[in-house]
Amino acid sequence: MPIKVNPLNTEPKSENFLIASFQDFISLIYPDTCCCCETALAKAEMHICLSCEIALPIIIDQTIVGNKFMGKIPYHTSVALYQYAKLNSVQNLVDEIKYKNNQELALYLGQKMGKKLIDKSFDNYDGIVPVPLHQSKQKKRGYNQSELLAKGMSETCGLPIFTQLLTRTKATETQTLKQRFARWTNVETVFSANEKVQGMKLILLDDVLTTGATLVACAESLLKKGSTEISFMALASAV
Ligand SMILES: [Zn+2]
């Protein structure tokens, strides 16, 4: 994990120099490695080495994402940054942010989402709603990776994050272990939206899209409580 640098840069210059030298020294002994290929990162690289970065499968044609929602629920836009497939490098990134406590990577990827996915279509949006984890799961993991993605995104696009508008009322089993049909029946009643969503235009954000059932269930709750427009956004989408 990279060492945190004081973001406000408030230390006196000599101390900054000492911190920088110390970090150089530490990275000589424990170099940060690429989250995809585990080779040592160069000084200018963050989390992902340049060759892995270039090879990441960015989704150009977003209709593969839209097809997951078409006819299921009214929505405005649906976009995802990367194509997700078992054993591809995007799976490594997702594993890092979900199971390996790499919270800084989640923030970093969220920033990328903000830069690449937010355009004029979201000009009059009120904010971002990350898909909530059940309280017990969040306590166990210590964080919600979708919330961290939203935080990174918010840093680059300026939209606020709302974490209190939607709650997960039932702890479900890991979605990826379930059959396609079971997934649809499983998520139907697990989300509950707050009255405050009335009149709001919101981006629902998830880490990985498989069937889209989770986002549809979230959107249903928000629309039922009076949200006027929903868009879907994800770090990665299975094709
Ligand atoms: Zn790499």
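Throughout, residue positions are numbered sequentially from 1 according to the sequence presented. Note that the coordinates shown come from a computational prediction; the quantities given were computed from them, not determined experimentally. Read the numbers this way: they start at 1 and go in the same order the structure lists the ligands and their atoms.
In summary, no N, O or S atom of Cys35 is located under 2.8 Å from the Zn ion (ligand 1). Among the backbone and side-chain atoms of Cys36, none of the N, O or S atoms lies under 2.8 Å from the Zn ion (ligand 1).
Between the side chain of Ser221 and the backbone N or O of Ala193 there is no donor-acceptor pair closer than 3.5 Å.
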- Where do Glu104 and Asn102 land on the side chain to side chain donor-acceptor pair (under 3.5 Å) test, with the steps shown first? CA-CA 6 Å; Glu104 289 201 24; Asn102 199 340; over 6 Å; no
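One distance of note links OH of Tyr82 with CD1 of Ile58; it measures 5.5 Å at 0.5 Å rounding.
If you put the vertex on the Zn ion (ligand 1), SG of Cys49 and SG of Cys52 sit 100° apart, to the nearest 10°.
Atom NZ of Lys151 has 12 or fewer neighbouring heavy atoms from other residues, nucleotides or ligands inside a 6.0 Å radius.
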